[in-house]
Amino acid sequence: MLPTRPEFVPDASQSRAEMESMQFDVADAATWEDDFPFDAEAVGLADWAPDDAPLVAGVDQAFLDESAVSVVVVMRGGRVIERASAVVDLEIPYVPGLLSFREGNPILAAFEEVEVTPDLVVFDGSGRIHFRQAGLATHLGVVLDVPSVGVAKSLLCGTPRESVDGRPAGWQTDIIADGRVENAASEEVIGHAYQSRQYANEPIVNPLYVSPGHRVSVPTATDLVARLCGDYKLPEPTRTADKYADEVKSSVRG
DNA sequence: GCGACAG
DNA sequence: ATCTTGTCGC
(Lines give C-alpha, C1' and ligand atoms only; values in the text may rest on other atoms or scores of the structure.)
Protein backbone atom coordinates (compact mmCIF):
# COMPACT_ATOMS: atom_id res chain seq x y z
CA MET A 1 0.00 0.00 0.00
CA LEU A 2 1.02 3.61 0.39
CA PRO A 3 4.27 4.27 2.24
CA THR A 4 3.76 6.03 5.57
CA ARG A 5 5.66 8.85 7.22
CA PRO A 6 6.60 7.26 10.56
CA GLU A 7 7.24 10.55 12.34
CA PHE A 8 3.55 11.44 12.03
CA VAL A 9 1.95 8.09 12.77
CA PRO A 10 -0.47 8.71 15.65
CA ASP A 11 0.58 7.14 18.93
CA ALA A 12 -2.30 6.68 21.34
CA SER A 13 0.07 6.15 24.28
CA GLN A 14 1.33 9.71 24.11
CA SER A 15 0.26 12.37 26.55
CA ARG A 16 -2.35 14.84 25.47
CA ALA A 17 0.31 17.53 25.26
CA GLU A 18 2.43 15.34 22.98
CA MET A 19 -0.55 14.65 20.77
CA GLU A 20 -1.33 18.33 20.44
CA SER A 21 2.31 19.08 19.75
CA MET A 22 2.35 16.51 16.97
CA GLN A 23 -0.75 18.12 15.50
CA PHE A 24 1.05 21.44 15.10
CA ASP A 25 3.81 19.58 13.25
CA VAL A 26 1.26 17.77 11.10
CA ALA A 27 -0.34 21.09 10.18
CA ASP A 28 3.09 22.47 9.25
CA ALA A 29 3.76 19.43 7.08
CA ALA A 30 0.39 19.64 5.36
CA THR A 31 -0.12 21.31 2.00
CA TRP A 32 -3.32 23.27 1.44
CA GLU A 33 -2.73 24.01 -2.19
CA ASP A 34 -3.75 21.78 -5.04
CA ASP A 35 -0.99 19.23 -5.53
CA PHE A 36 -2.32 16.18 -7.28
CA PRO A 37 -1.66 14.72 -10.73
CA PHE A 38 -5.22 14.05 -11.86
CA ASP A 39 -7.87 16.30 -13.33
CA ALA A 40 -10.44 17.34 -10.73
CA GLU A 41 -13.02 17.31 -13.49
CA ALA A 42 -12.35 13.61 -14.05
CA VAL A 43 -13.71 12.93 -10.56
CA GLY A 44 -17.33 11.86 -10.62
CA LEU A 45 -19.77 8.99 -10.32
CA ALA A 46 -20.17 7.88 -13.92
CA ASP A 47 -20.62 4.15 -14.41
CA TRP A 48 -18.63 4.45 -17.60
CA ALA A 49 -15.59 6.11 -16.03
CA PRO A 50 -12.51 5.36 -18.14
CA ASP A 51 -9.77 3.09 -16.82
CA ASP A 52 -7.52 6.06 -16.18
CA ALA A 53 -10.11 7.95 -14.13
CA PRO A 54 -8.95 8.89 -10.60
CA LEU A 55 -9.30 6.30 -7.84
CA VAL A 56 -11.21 7.80 -4.93
CA ALA A 57 -11.20 6.05 -1.57
CA GLY A 58 -13.86 6.46 1.09
CA VAL A 59 -12.93 5.71 4.71
CA ASP A 60 -15.37 5.01 7.50
CA GLN A 61 -15.58 3.23 10.82
CA ALA A 62 -18.03 1.32 12.95
CA PHE A 63 -17.47 0.36 16.58
CA LEU A 64 -17.71 -2.65 18.82
CA ASP A 65 -17.14 -2.74 22.55
CA GLU A 66 -13.39 -2.24 22.63
CA SER A 67 -12.52 -2.30 18.96
CA ALA A 68 -12.94 -0.32 15.77
CA VAL A 69 -13.98 -1.68 12.41
CA SER A 70 -12.18 0.41 9.80
CA VAL A 71 -12.87 0.14 6.11
CA VAL A 72 -11.51 1.61 2.91
CA VAL A 73 -13.60 1.46 -0.24
CA VAL A 74 -11.90 2.46 -3.47
CA MET A 75 -14.04 3.67 -6.36
CA ARG A 76 -13.42 4.67 -9.95
CA GLY A 77 -16.35 6.79 -10.98
CA GLY A 78 -19.44 5.08 -9.60
CA ARG A 79 -17.84 1.65 -9.46
CA VAL A 80 -16.24 -0.06 -6.47
CA ILE A 81 -12.75 -1.25 -7.37
CA GLU A 82 -11.58 -2.61 -4.04
CA ARG A 83 -12.68 -2.93 -0.42
CA ALA A 84 -10.48 -3.54 2.60
CA SER A 85 -11.14 -3.71 6.32
CA ALA A 86 -9.45 -4.16 9.67
CA VAL A 87 -10.66 -4.73 13.21
CA VAL A 88 -8.34 -3.12 15.75
CA ASP A 89 -8.50 -2.66 19.51
CA LEU A 90 -9.24 0.89 20.57
CA GLU A 91 -6.69 2.44 22.90
CA ILE A 92 -8.22 5.73 23.92
CA PRO A 93 -11.70 7.23 24.20
CA TYR A 94 -13.13 9.83 21.87
CA VAL A 95 -11.84 13.28 22.74
CA PRO A 96 -12.89 16.22 20.55
CA GLY A 97 -9.77 17.38 18.72
CA LEU A 98 -7.89 14.10 19.13
CA LEU A 99 -9.95 11.86 16.87
CA SER A 100 -6.99 10.82 14.71
CA PHE A 101 -5.27 9.31 17.76
CA ARG A 102 -8.29 7.11 18.44
CA GLU A 103 -9.11 6.12 14.87
CA GLY A 104 -5.83 6.66 13.07
CA ASN A 105 -4.17 3.31 13.63
CA PRO A 106 -7.31 1.30 12.88
CA ILE A 107 -7.61 3.22 9.62
CA LEU A 108 -3.94 2.68 8.78
CA ALA A 109 -4.43 -1.04 9.44
CA ALA A 110 -7.20 -1.08 6.86
CA PHE A 111 -5.00 0.79 4.39
CA GLU A 112 -2.35 -1.88 4.78
CA GLU A 113 -4.79 -4.28 3.14
CA VAL A 114 -5.44 -2.01 0.16
CA GLU A 115 -3.62 -3.03 -3.00
CA VAL A 116 -4.28 -0.10 -5.33
CA THR A 117 -3.01 3.44 -4.78
CA PRO A 118 -5.89 5.89 -4.34
CA ASP A 119 -5.55 9.30 -5.99
CA LEU A 120 -7.80 10.92 -3.41
CA VAL A 121 -9.09 9.88 0.00
CA VAL A 122 -12.35 11.12 1.53
CA PHE A 123 -12.44 10.94 5.33
CA ASP A 124 -15.47 11.17 7.58
CA GLY A 125 -14.36 14.01 9.80
CA SER A 126 -12.60 17.34 9.61
CA GLY A 127 -9.33 18.29 7.99
CA ARG A 128 -8.29 21.90 8.49
CA ILE A 129 -11.48 22.63 10.39
CA HIS A 130 -9.77 21.70 13.62
CA PHE A 131 -8.29 23.42 16.69
CA ARG A 132 -4.77 22.97 15.30
CA GLN A 133 -5.77 22.48 11.65
CA ALA A 134 -4.81 18.83 11.96
CA GLY A 135 -8.06 16.92 11.95
CA LEU A 136 -8.39 13.28 10.95
CA ALA A 137 -8.30 13.99 7.20
CA THR A 138 -5.22 16.16 7.47
CA HIS A 139 -3.37 13.90 9.87
CA LEU A 140 -3.88 10.72 7.86
CA GLY A 141 -3.42 12.56 4.57
CA VAL A 142 0.01 13.64 5.77
CA VAL A 143 0.91 10.22 7.16
CA LEU A 144 0.02 8.58 3.85
CA ASP A 145 1.11 11.61 1.83
CA VAL A 146 -2.04 11.31 -0.24
CA PRO A 147 -4.43 14.03 -1.44
CA SER A 148 -7.31 14.04 1.04
CA VAL A 149 -10.45 15.88 2.04
CA GLY A 150 -12.45 15.91 5.24
CA VAL A 151 -16.24 15.71 5.21
CA ALA A 152 -17.92 16.28 8.57
CA LYS A 153 -21.61 16.27 9.42
CA SER A 154 -21.20 18.85 12.14
CA LEU A 155 -18.90 21.78 12.79
CA LEU A 156 -16.01 21.32 15.23
CA CYS A 157 -14.78 24.91 15.26
CA GLY A 158 -14.63 27.97 13.04
CA THR A 159 -17.51 30.24 12.07
CA PRO A 160 -19.68 30.17 8.95
CA ARG A 161 -19.56 33.48 7.08
CA GLU A 162 -23.35 33.32 6.68
CA SER A 163 -26.11 31.43 8.43
CA VAL A 164 -26.24 27.87 7.12
CA ASP A 165 -29.92 27.28 7.89
CA GLY A 166 -32.26 26.05 5.19
CA ARG A 167 -30.03 26.61 2.19
CA PRO A 168 -30.70 25.15 -1.25
CA ALA A 169 -28.64 22.36 -2.75
CA GLY A 170 -25.37 23.60 -4.21
CA TRP A 171 -25.08 26.51 -1.77
CA GLN A 172 -21.83 27.03 0.08
CA THR A 173 -20.18 29.51 2.42
CA ASP A 174 -16.76 29.95 3.97
CA ILE A 175 -15.82 28.60 7.37
CA ILE A 176 -13.58 31.20 8.94
CA ALA A 177 -11.00 30.46 11.62
CA ASP A 178 -12.11 31.72 15.02
CA GLY A 179 -10.27 32.03 18.31
CA ARG A 180 -10.40 28.29 18.85
CA VAL A 181 -8.13 27.64 15.86
CA GLU A 182 -4.80 28.13 17.56
CA ASN A 183 -2.53 28.25 14.51
CA ALA A 184 -4.57 30.19 11.97
CA ALA A 185 -4.65 33.87 11.14
CA SER A 186 -7.97 35.47 12.03
CA GLU A 187 -10.32 35.61 9.07
CA GLU A 188 -8.47 32.74 7.42
CA VAL A 189 -10.78 30.48 5.41
CA ILE A 190 -10.26 26.92 6.60
CA GLY A 191 -13.15 25.16 4.89
CA HIS A 192 -16.68 25.43 3.58
CA ALA A 193 -20.17 24.62 4.68
CA TYR A 194 -21.62 22.92 1.62
CA GLN A 195 -25.28 22.10 1.13
CA SER A 196 -25.02 18.93 -0.91
CA ARG A 197 -28.68 18.06 -0.88
CA GLN A 198 -32.10 19.44 0.03
CA TYR A 199 -35.40 17.59 -0.33
CA ALA A 200 -38.74 19.26 -1.01
CA ASN A 201 -41.29 19.06 1.81
CA GLU A 202 -38.85 17.11 3.93
CA PRO A 203 -37.09 18.11 7.12
CA ILE A 204 -34.28 20.56 6.54
CA VAL A 205 -31.01 18.81 5.73
CA ASN A 206 -27.92 20.18 7.44
CA PRO A 207 -24.95 21.11 5.28
CA LEU A 208 -21.69 19.21 5.09
CA TYR A 209 -18.57 20.78 6.55
CA VAL A 210 -15.83 20.25 3.99
CA SER A 211 -12.18 21.05 4.56
CA PRO A 212 -8.82 20.24 2.98
CA GLY A 213 -6.98 17.29 4.35
CA HIS A 214 -3.69 17.39 2.48
CA ARG A 215 -2.57 18.51 -1.02
CA VAL A 216 -5.96 20.10 -1.72
CA SER A 217 -7.16 23.71 -1.45
CA VAL A 218 -10.38 24.82 0.20
CA PRO A 219 -12.24 25.54 -3.06
CA THR A 220 -11.04 22.32 -4.65
CA ALA A 221 -12.00 20.25 -1.61
CA THR A 222 -15.58 21.42 -1.95
CA ASP A 223 -15.54 21.01 -5.72
CA LEU A 224 -14.34 17.42 -5.38
CA VAL A 225 -16.92 16.61 -2.73
CA ALA A 226 -19.66 18.13 -4.88
CA ARG A 227 -18.60 15.88 -7.74
CA LEU A 228 -18.83 12.85 -5.46
CA CYS A 229 -22.31 13.53 -4.09
CA GLY A 230 -25.02 11.67 -5.95
CA ASP A 231 -28.62 11.60 -4.81
CA TYR A 232 -27.74 11.70 -1.14
CA LYS A 233 -26.28 14.09 1.38
CA LEU A 234 -22.96 12.29 1.79
CA PRO A 235 -20.39 11.65 -0.93
CA GLU A 236 -20.79 8.24 -2.51
CA PRO A 237 -17.43 6.81 -1.39
CA THR A 238 -18.37 7.69 2.19
CA ARG A 239 -21.83 6.12 1.89
CA THR A 240 -20.37 2.99 0.37
CA ALA A 241 -17.74 2.74 3.09
CA ASP A 242 -20.39 3.32 5.74
CA LYS A 243 -22.48 0.41 4.50
CA TYR A 244 -19.46 -1.85 4.21
CA ALA A 245 -18.34 -1.00 7.74
CA ASP A 246 -21.77 -2.03 9.03
CA GLU A 247 -21.52 -5.31 7.10
CA VAL A 248 -18.12 -6.11 8.52
CA LYS A 249 -19.29 -5.15 11.97
CA SER A 250 -22.25 -7.54 11.91
CA SER A 251 -20.10 -10.33 10.52
CA VAL A 252 -17.60 -9.81 13.32
CA ARG A 253 -20.00 -9.98 16.26
CA GLY A 254 -21.34 -13.29 15.14
C1' DG B 1 -16.56 29.03 36.63
C1' DC B 2 -19.11 28.65 31.87
C1' DG B 3 -19.47 27.14 27.22
C1' DA B 4 -18.18 24.33 23.12
C1' DC B 5 -16.68 20.15 21.19
C1' DA B 6 -15.49 15.73 14.21
C1' DG B 7 -16.64 10.35 15.34
C1' DA C 1 -20.21 6.71 16.98
C1' DT C 2 -24.02 3.59 19.43
C1' DC C 3 -28.67 1.77 21.68
C1' DT C 4 -33.30 0.65 18.04
C1' DT C 5 -39.52 -0.48 15.47
C1' DG C 6 -42.44 1.33 13.53
C1' DT C 7 -44.06 4.79 10.84
C1' DC C 8 -45.06 9.00 8.08
C1' DG C 9 -44.61 10.53 3.30
C1' DC C 10 -42.69 11.31 -1.50
Side-chain angles (χ1 to χ4, degrees), chain A residues 10 12 16 19-20 23 26-27 30 58-72 85-108 110 121-141 148-160 164 169 175-182 184 190-194 196-214 221 225 231-235 237-239 241-250 252-253:
Chain A
R16 181 178 181 129
M19 292 178 182
E20 294 180 352
Q23 290 180 325
V26 165
V59 175
D60 194 30
Q61 313 226 119
F63 297 91
L64 271 8
D65 308 280
E66 297 277 280
S67 55
V69 176
S70 299
V71 309
V72 178
S85 66
V87 181
V88 175
D89 290 337
L90 289 165
E91 302 178 65
I92 56 171
Y94 166 69
V95 177
L98 299 179
L99 188 62
S100 63
F101 290 87
R102 171 175 166 84
E103 305 190 352
N105 286 314
I107 289 170
L108 291 173
V121 181
V122 180
F123 288 96
D124 64 318
S126 292
R128 280 187 75 181
I129 298 179
H130 178 272
F131 308 126
R132 290 161 292 280
Q133 297 188 84
L136 183 72
T138 298
H139 196 153
L140 293 182
S148 64
V149 299
V151 177
K153 295 180 289 297
S154 59
L155 188 60
L156 177 61
C157 58
T159 308
V164 303
I175 300 299
I176 303 163
D178 59 21
R180 295 174 291 174
V181 184
E182 305 173 49
I190 56 176
H192 283 153
Y194 171 62
S196 57
R197 195 75 192 175
Q198 202 61 270
Y199 308 92
N201 301 329
E202 299 285 319
I204 298 296
V205 176
N206 296 318
L208 259 23
Y209 295 93
V210 179
S211 57
H214 182 43
V225 168
D231 296 330
Y232 302 90
K233 169 178 175 174
L234 292 172
T238 303
R239 294 188 67 240
D242 187 71
K243 290 179 196 167
Y244 184 47
D246 283 340
E247 282 179 39
V248 175
K249 177 182 174 178
S250 356
V252 165
R253 63 178 157 189

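Below, read A as the first sequence line, B as the second, and so on, with proteins coming before strands; counting in each chain starts at 1.
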So what does A:A62 touch, heavy atoms closer than 4.0 Å: a base, only the sugar-phosphate, or nothing? sugar-phosphate
Using a 4.0 Å heavy-atom cut-off, does A:F63 contact any base of the nucleic acid, only the sugar-phosphate backbone, or nothing at all? sugar-phosphate
Would you indicate what A:R253 reaches in the nucleic acid, counting non-hydrogen atoms under 4.0 angstrom: base, sugar-phosphate, or nothing? sugar-phosphate
Can you tell me how far CG of A:L90 sits from CZ of A:R102, rounded to the nearest 0.5 angstrom? 4.5 Å
Applying a 4.0 Å non-hydrogen cut-off, can you work out what A:S154 is touching in the nucleic acid: base, sugar-phosphate, or nothing? sugar-phosphate
Reckon A:K249 has a side-chain N or O less than 4.0 Å from the OP1 or OP2 of C:dA1? no
Pairwise distance CG(A:L155) to CD1(A:I175) - rounded to 0.5 angstrom: 5.0 Å
Can you find a pair of side-chain heavy atoms, one from A:V181 and one from A:I190, that are under 4.5 Å apart? yes
SB check A:K243 A:E247 (cutoff 4.0 Å): no
Inter-residue atom distance A:R197.CZ - A:D231.CG, 0.5 Å rounding: 5.0 Å
Name the stems that DNA chain C belongs to, where each is three or more consecutive Watson-Crick or G-U pairs with both distances under 3.5 Å? none
OG-OH distance between A:S126 and A:Y209, expressed to the nearest 0.5 angstrom: 10.5 Å
Atom CD1 of A:I176 and atom CD1 of A:I129: how far apart are they, to the nearest 0.5 Å? 11.0 Å
A:D60 CG - C:dA1 C1' separation (whole Å): 9 Å
Tell me which one of A:L98, A:V59, A:D124 satisfies side chain to side chain contact (heavy atoms under 4.5 Å, CB included) with A:L136. A:D124
So what does A:I107 touch, heavy atoms closer than 4.0 Å: a base, only the sugar-phosphate, or nothing? nothing
Considering all heavy atoms, the nearest A:L208-A:P235 contact: CD2-CD, 4.2 Å
For DNA chain B, which nucleotides open and close the run of contacts to chain A, 5' to 3', at under 4.0 angstrom from a non-hydrogen atom? B:dC5 to B:dG7
Rounded to whole Å, CG of A:D65 lies from C1' of C:dC3 at a distance of 12 Å
Any base atoms under 4.0 Å from A:G97, or only sugar-phosphate, or nothing? Heavy atoms, all strands. base
